[in-house]
Peer 1: 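Sharing a structure, written as structure tokens. Questions coming.
The residues of the chain are indexed from 1 along the displayed sequence.
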Amino acid sequence: MATVKDAAPHVGEFLRAVAAQTRPPDEVVVVDGGSTDGTLEVLRSAPGVTLIEEPGANIARGRNLAVATAAHDVIAVTDADCAPAPDWLERLLEPIEAGADVAMGLYRPAPGSLFQTLAGAIAVPDPEEVREERFMPSARSVAFRREALERAGGYPEWLEVGEDMYVDRRWRALGVRMRLAPGAVVSWPMRADLPSLWRQYFRYARGDALAGMYPHRHLVRFAAYGALAAALVARRPLPLALLAGAGAAYAARRVRRALRRTTRPLERAAAVVGVPALMAIVDAAKMAGYLSGLLERARRGPVRRR
């Protein structure tokens, strides 16, 4: 299943990738949340696709509708702006067939500009970095038994962004059997420019605040940048040096990813400088988004969760 809204540049490739699966899906359910860019026309003419048109539906609502419509008890999920590898579904179902409740696939950045390569190095770990016991799968590449989603209460329709992470946390808390499917990979296009990247991470962090997810992670970020600001104002060399070292260590893994994903000398030099700079911008977007979410959460009051 997949949800989509205004994905005309990608939906054709998505449909071709689904049709090319080595293990064809038994059914393909797509929920459109109100596309106006030609996406609907492509989906309406696609053979073998069950299309649900639900204008105004958020992602969580779309996912719940797709699951309710599906006739089968094992649901594979991706996004319509992604392109699954030909053996994606075959590999994704292997842990389920071995007894798992949830199969956690991986994703990789789609080829693109240098900016997109650097953004992908920040966002997407290399396969060898992933640890099954800690991994939180994205709805870009995951499969689950229907009863596993029911145990988690379904996707949270009160949450605009981060609904898949919310369900992941519920699964971990419930002790659901989650197994990695490292060979199940989809290609995910990165944001192409700085404003769209800012909006992406702003919305992610805002969703974290609204759902009460990862508060310690956000607190550490605020504390680190607050300490940096204080050290700059005080002009204290030792704290600045310590913070610079901590920042370099924080960025090192992402820089190494970018270096592995680039080959030209100028691109590699740009990665060494560009990845830390882009990380700082992303962190600023996260802090702004988290504060926005906290304010909205205070305004709304307690959320009634299903």
Peer 1: Step by step, work out the side-chain hydrogen bond (donor to acceptor under 3.5 Å, both in side chains) result for Y225 and D283.
Peer 2: CA-CA 9 Å; Y225 282 94; D283 281 343; 2.7 Å; yes

Peer 1: Would you mind checking if E53 and R44 are paired as a salt bridge, meaning a charged N to carboxylate O distance below 4.0 Å?
Peer 2: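 Counted as a salt bridge, because a side-chain N and a carboxylate O are separated by less than 4.0 Å.
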
Peer 1: Examine L194 and F202 and state if one hydrophobic cluster contains both, with Ile, Leu, Val, Met, Phe, Trp and Tyr joined whenever side-chain heavy atoms are less than 4.5 Å apart.
Peer 2: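 Both belong to a single hydrophobic cluster.
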
Peer 1: On the ring face of Y214, is R169 found with NZ or CZ under 6.0 Å from the centre and within 45° of the axis?
Peer 2: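 The answer is yes, since R169 meets both limits relative to Y214.
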
Peer 1: Once rounded to the nearest 0.5 Å, what's the spacing between atom CG of D26 and atom CG of L89?
Peer 2: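 Here the interatomic distance stands at 8.5 Å.
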
Peer 1: Give a yes or no answer on whether the side chain of R91 reaches the backbone of P182 with a donor-acceptor pair at less than 3.5 Å.
Peer 2: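 Not at all, since once roles are kept as given, no pair shorter than 3.5 Å links the two residues.
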
Peer 1: Answer whether the closest heavy-atom distance between the side chains of V28 and T50 falls below 4.5 Å.
Peer 2: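 They are not in contact (no side-chain heavy atoms under 4.5 Å apart), so the answer is no.
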
Peer 1: Does R170 pair with E150 as a salt bridge, N-O distance under 4.0 Å?
Peer 2: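 No.
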
Peer 1: Write down the atom of P84, the atom of V186, and the distance for their closest heavy-atom approach.
Peer 2: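 Of all heavy-atom pairs spanning P84 and V186, the closest is CA-CG1, 3.7 Å.
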
Peer 1: Search all heavy atoms of P111 against all heavy atoms of S187 and return the closest pair with its distance.
Peer 2: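 Answer, listing the atom of P111 first, then S187: CD-OG, 4.4 Å.
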
Peer 1: Decide, yes or no, whether a salt bridge links E160 with R203 under the criterion of side-chain N to carboxylate O below 4.0 Å.
Peer 2: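 R203 and E160: not salt-bridged.
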
Peer 1: Any side-chain heavy-atom pair from L210 and E296 closer than 4.5 angstrom?
Peer 2: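 They are in contact (side-chain heavy atoms under 4.5 Å apart), so the answer is yes.
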
Peer 1: Hey, is the main chain of R140 close enough, under 3.5 Å, to the side chain of S138 for a donor-acceptor pair?
Peer 2: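 Between the backbone of R140 and the side chain of S138 there is a qualifying donor-acceptor contact (under 3.5 Å).
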
Peer 1: Closest heavy-atom contact between L92 and A181?
Peer 2: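 Where L92 meets A181 most closely, the heavy atoms are CA-CB, 4.1 Å.
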
Peer 1: Could you tell me how the ring of Y166 sits relative to the ring of W158: parallel (under 30°), tilted (30 to 60°) or perpendicular (over 60°)?
Peer 2: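 Perpendicular, since the angle between the ring planes exceeds 60°.
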
Peer 1: Is the shortest side-chain heavy-atom distance between T3 and V77 below 4.5 Å?
Peer 2: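 SC-SC contact between T3 and V77 ruled out.
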
Peer 1: Give the minimum heavy-atom separation between F115 and L278, together with the two atoms involved.
Peer 2: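 Result for this residue pair: CE1-CD1, 3.8 Å.
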
Peer 1: Do the non-hydrogen side-chain atoms of P265 and R268 ever get within less than 4.5 Å of each other?
Peer 2: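 Sidechains of R268 and P265: no contact.
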
Peer 1: Can I75 and V142 be said to form a side-chain contact (heavy atoms from CB on, under 4.5 Å), step by step?
Peer 2: CA-CA 8 Å; I75 313 292; V142 71; over 6 Å; no

Peer 1: Scan the side chains in residues 236-246 for donor-acceptor partners under 3.5 Å anywhere in the protein, sequence neighbours excluded, and list what turns up.
Peer 2:
none

Peer 1: Can you see which heavy atom on A85 is nearest to which on Q21, and at what distance?
Peer 2: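 Looking at all heavy atoms of both residues, the shortest contact is O-NE2, 2.8 Å.
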
Peer 1: Got a donor-acceptor contact below 3.5 angstrom from the D6 side chain to the T36 backbone?
Peer 2: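 Checking the backbone N and O of T36 against the side chain of D6, a donor-acceptor pair under 3.5 Å is found.
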
Peer 1: Decide whether L15 and V29 are clustered together by the hydrophobic rule: side chain heavy atoms of Ile, Leu, Val, Met, Phe, Trp, Tyr closer than 4.5 Å, transitively.
Peer 2: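 No, L15 does not connect to V29 through the hydrophobic network.
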
Peer 1: To the nearest 0.5 Å, how far apart are CZ in R221 and CE in M287?
Peer 2: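 Here the interatomic distance stands at 7.5 Å.
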
Peer 1: Is R253 paired with E129 through a side-chain N to carboxylate O contact shorter than 4.0 Å?
Peer 2: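 Yes, charged N to carboxylate O under 4.0 Å.
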
Peer 1: For E157 and N64, which I'm curious about, is there any donor-acceptor pair between the side chains at under 3.5 Å?
Peer 2: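 Yes, a side-chain donor-acceptor pair sits under 3.5 Å.
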
Peer 1: Mind checking whether I52 and L40 sit in one hydrophobic cluster, side chains of I, L, V, M, F, W, Y counted as touching below 4.5 Å?
Peer 2: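 The answer is no; the residues belong to distinct hydrophobic clusters.
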
Peer 1: Checking side-chain polar atoms at under 3.5 Å, does S292 have a donor or acceptor matched by the opposite partner on R206?
Peer 2: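 S292 vs R206: donor-acceptor pair found between side chains.
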
Peer 1: Check whether any side-chain heavy atom of D168 lies under 4.5 Å from a side-chain heavy atom of P137, and answer yes or no.
Peer 2: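 They are in contact (side-chain heavy atoms under 4.5 Å apart), so the answer is yes.
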
Peer 1: Walk me through whether V49 and E27 qualify under side-chain contact (heavy atoms from CB on, under 4.5 Å).
Peer 2: CA-CA 7 Å; V49 172; E27 58 181 333; over 6 Å; no

Peer 1: Please report the interatomic distance CG(L114) to CG(L266), rounded to the nearest 0.5 Å.
Peer 2: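 Going from CG on L114 over to CG on L266, the span is 10.0 Å.
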
Peer 1: Using only atom types and a distance under 3.5 Å, with no angle test, would you say the side chain of Q116 pairs donor to acceptor with the backbone of S113?
Peer 2: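 Yes; judged by distance alone, with no hydrogens or angles, the pair exists.
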
Peer 1: Just wondering, do L259 and V272 contact through their side chains at under 4.5 Å, heavy atoms?
Peer 2: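 They are in contact (side-chain heavy atoms under 4.5 Å apart), so the answer is yes.
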
Peer 1: When you compare the side chain of V4 with that of V31, does any pair of heavy atoms fall below 4.5 Å?
Peer 2: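 No, side chains not in contact.
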
Peer 1: Between D126 and R261, is the closest basic N to carboxylate O distance under 4.0 Å?
Peer 2: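 Counted as a salt bridge, because a side-chain N and a carboxylate O are separated by less than 4.0 Å.
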
Peer 1: So, taking the atom named CZ in R257 and the one named CG in L118, what distance separates them when rounded to the nearest 0.5 Å?
Peer 2: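 Nearest 0.5 Å value for the CZ-CG distance: 12.5 Å.
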
Peer 1: ring-ring contact (aromatic ring centres under 6.0 Å, His included) with Y107: which of W88, F135, W188?
Peer 2: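 In the set W88, F135, W188, the residue that makes a ring-ring contact (aromatic ring centres under 6.0 Å, His included) with Y107 is W188.
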
Peer 1: Measuring from D79:CG to S141:OG, what's the distance to the nearest 0.5 Å?
Peer 2: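 These two atoms lie 10.0 Å from each other.
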
Peer 1: Hey, is E147 close enough to R151 for a salt bridge, meaning N to O under 4.0 Å?
Peer 2: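 No, this pair does not count.
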
Peer 1: Let me see the working for F144 and V167 under side-chain contact (heavy atoms from CB on, under 4.5 Å), right down to the final yes or no.
Peer 2: CA-CA 11 Å; F144 50 80; V167 169; over 6 Å; no

Peer 1: So, T39 side chain and S35 main chain: donor-acceptor pair closer than 3.5 Å or not?
Peer 2: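 No; judged by distance alone, with no hydrogens or angles, the pair does not exist.
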
Peer 1: Where is the tightest heavy-atom contact between A205 and H218, given as atom of each residue plus distance?
Peer 2: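 The answer is CB-CE1, 3.9 Å.
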
Peer 1: Per the salt bridge (charged side-chain N to carboxylate O under 4.0 Å, His left out) rule, which among R23, R145, R179 passes with E97?
Peer 2: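 It is R23; the other options fail the test.
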
Peer 1: Can you tell whether the side chains of E13 and R16 come within less than 4.0 Å, N to carboxylate O?
Peer 2: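 The answer is no: the pair does not qualify as a salt bridge.
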
Peer 1: Is W198 linked to Y290 within one hydrophobic cluster, defined over Ile, Leu, Val, Met, Phe, Trp and Tyr using a side-chain heavy-atom separation of less than 4.5 Å?
Peer 2: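 No, separate clusters.
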
Peer 1: Got P25 and V18 here, is their nearest side-chain heavy-atom distance under 4.5 Å?
Peer 2: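 Touching, per the 4.5 Å side-chain cut-off.
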
Peer 1: Carefully, step by step, assess R146 and V74 under the rule side-chain contact (heavy atoms from CB on, under 4.5 Å).
Peer 2: CA-CA 6 Å; R146 184 186 298 271; V74 174; over 6 Å; no

Peer 1: If hydrophobic clusters are built by linking Ile, Leu, Val, Met, Phe, Trp and Tyr wherever their side-chain heavy atoms come under 4.5 Å apart, do L219 and L294 end up in the same one?
Peer 2: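 Different clusters.
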
Peer 1: Rounded at 0.5 Å granularity, tell me how far CE in M104 sits from CD in E132.
Peer 2: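 Those atoms lie 5.0 Å apart.
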
Peer 1: Give a yes or no on whether a salt bridge exists between K5 and D81, defined as a side-chain N under 4.0 angstrom from a carboxylate O.
Peer 2: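 Not counted as a salt bridge, because no side-chain N and carboxylate O are separated by less than 4.0 Å.
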
